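Below is one structure; the comments refer to it alone.
Since the structure is predicted, the reported quantities are computational estimates derived from the model, not experimental observations. Here is how names work: the chains are called A, B, and so on, in the same order as the sequence lines, proteins then strands, and each is numbered from 1.
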Amino acid sequence: DIQMTQSPSSLSASVGDRVTITCRASQGIRNDLGWYQQKPGKAPKRLIYATSSLQSGVPSRFRGSGSGTEFTLTISSLQPEDFATYYCLQHNTFPLTFGGGTKVEIK
Amino acid sequence: QGQLVQSGAEVMQPGASVKVSCKASGYTFTSYGINWVRQAPGQGLEWMGWISAYNGYTNYAQNFQGRVTMTTDTSTTTAFMELRSLRSDDTAVYYCARDVSMDVWGQGTTVTVSS
């Protein structure tokens, strides 16, 4: 199975801060990676697909990058509505696997 | 486009079975597979398995092999997930999501297992 190691597990940041979240895959997954945002009591929402493509309707402050085994989600200027939990997902190989999540909290 | 609407919350006894439905609309149902993902209270996302809506082929996570069955009904564009021999640690929100890339999600179904 491909393990997805996501870091950090939580972070505190202020509005306007730049935030970076990383996922490392235990083996290469090409660009078969997505990033999801989940708010309490809601279903996850896809932000980024194919490593770096922005989902329609998602603000351009969200950026995905990486390749092979190292992937990054960057929020260029954190907004109040961005406080949430973020997950990566690899869909290169079954079983599909998620990272452990990163909770972004208000400092 | 596309939307997935799931069935309502369930409260089940330990040892029972639950069947959750996921009604698809707004796209060609047989062009995409459906995943099932669950989230225990306060925990992360756990992939349970995938079913092709085209031919019914399934791929289940090892943790659920023998206890889960995923099916589809193309006449009603609905996917189903049945989990048997329920335990208290199966208490979770269960989601369906379209395609291996999980671009569209259902709203979630809360399943509570309690005696």
Side-chain angles (χ1 to χ4, degrees), chain A residues 1-10 21 23 25-26 29-58 62 64 71 73 84-105, chain B residues 1-9 20 22-24 26-27 32-52 57-66 68 70 81 92-112:
Chain A
D1 298 3
I2 298 175
Q3 309 303 318
M4 299 301 295
T5 302
Q6 187 171 340
S7 61
S9 57
S10 65
I21 300 168
C23 266
S26 59
I29 57 171
R30 300 186 305 177
N31 72 336
D32 297 328
L33 182 114
W35 289 98
Y36 299 79
Q37 177 192 66
Q38 187 179 33
K39 296 183 177 179
K42 299 295 187 182
K45 169 189 171 185
R46 192 171 74 169
L47 303 174
I48 301 287
Y49 63 96
T51 297
S52 58
S53 295
L54 193 66
Q55 184 74 29
S56 175
V58 173
F62 291 93
F71 301 88
L73 173 69
T85 301
Y86 294 84
Y87 295 92
C88 62
L89 164 71
Q90 73 79 17
H91 58 88
N92 177 262
T93 305
F94 287 128
L96 308 187
T97 44
F98 291 94
T102 297
K103 187 172 185 179
V104 177
E105 298 176 302
Chain B
Q1 288 89 349
Q3 185 179 19
L4 301 173
V5 177
Q6 298 183 223
S7 49
V20 180
C22 172
K23 165 74 175 174
Y27 71 95
Y32 298 86
I34 294 286
N35 296 275
W36 290 90
V37 175
R38 78 177 185 181
Q39 186 170 40
Q43 302 301 307
L45 301 169
E46 180 182 21
W47 180 76
M48 300 178 67
W50 169 91
I51 181 167
S52 166
Y57 175 78
T58 55
N59 191 300
Y60 298 143
Q62 185 71 28
N63 283 352
F64 299 97
Q65 285 275 4
V68 71
M70 296 176 189
M81 186 282 298
V93 179
Y94 290 76
Y95 295 102
C96 57
R98 188 179 76 171
D99 191 54
V100 290
S101 65
M102 301 199 204
D103 59 342
V104 178
W105 291 65
Q107 83 277 19
T109 297
T110 299
V111 175
T112 302

### Task
Tell me, for B/Asn59 versus chain A, whether the close heavy atoms (under 4.5 Å) come from the side chain, the backbone, both or neither.
side chain
### Task
May I ask you to check whether over 12 heavy atoms, not counting those of A/Lys39, lie within 6.0 Å of atom NZ?
yes
### Query
At a heavy-atom separation under 4.5 Å, does A/Leu89 approach chain B through its side chain, its backbone, both, or neither?
side chain
### Message
Could you check whether atom CD of B/Gln65 has more than 12 heavy atoms from other residues, nucleotides or ligands sitting under 6.0 Å from it?
### Response
yes
### Query
Looking at A/Pro44, A/Ser56, A/Gly99, which has the largest count of heavy-atom pairs under 4.5 Å with chain B?
A/Pro44
### Task
Give, as side chain, backbone, both or neither, the part of B/Gln39 having an atom under 4.5 angstrom from any heavy atom of chain A.
side chain
## Note on the structure
Output for pair (A/Phe98 CZ, B/Met102 CE), nearest 0.5 Å, gives 4.0 Å
### Query
With a 4.5 angstrom heavy-atom cut-off, which part of A/Tyr49 approaches chain B: side chain, backbone, both or neither?
neither
### Message
If we define contacts as heavy-atom pairs under 4.5 Å, which of B/Gly49, B/Gly44, B/Ala61, B/Ser101 has the most with chain A?
### Response
B/Ser101
### Message
Quick check on B/Val37 against chain A: is it the side chain, the backbone, both or neither that has a heavy atom closer than 4.5 Å?
### Response
side chain
### Message
Just so I know, are the side chains of A/Gln38 and B/Leu45 near enough to count as touching, which here means a heavy-atom distance under 4.5 Å?
### Response
yes
### Task
Write down the atom of B/Gly106, the atom of A/Ala43, and the distance for their closest heavy-atom approach.
O-CB, 3.3 Å
### Atom group of A/Lys45 that falls short of 4.5 Å from chain B, counting heavy atoms
neither
### chain A contact via B/Asp99 - which portion, at a heavy-atom distance below 4.5 Å
neither
### Separation between CD of A/Gln90 and CH2 of B/Trp47, rounded to the nearest 0.5 Å
9.5 Å
### Query
Does B/Val100 reach the side chain of A/Phe94, with side-chain heavy atoms less than 4.5 Å apart?
yes
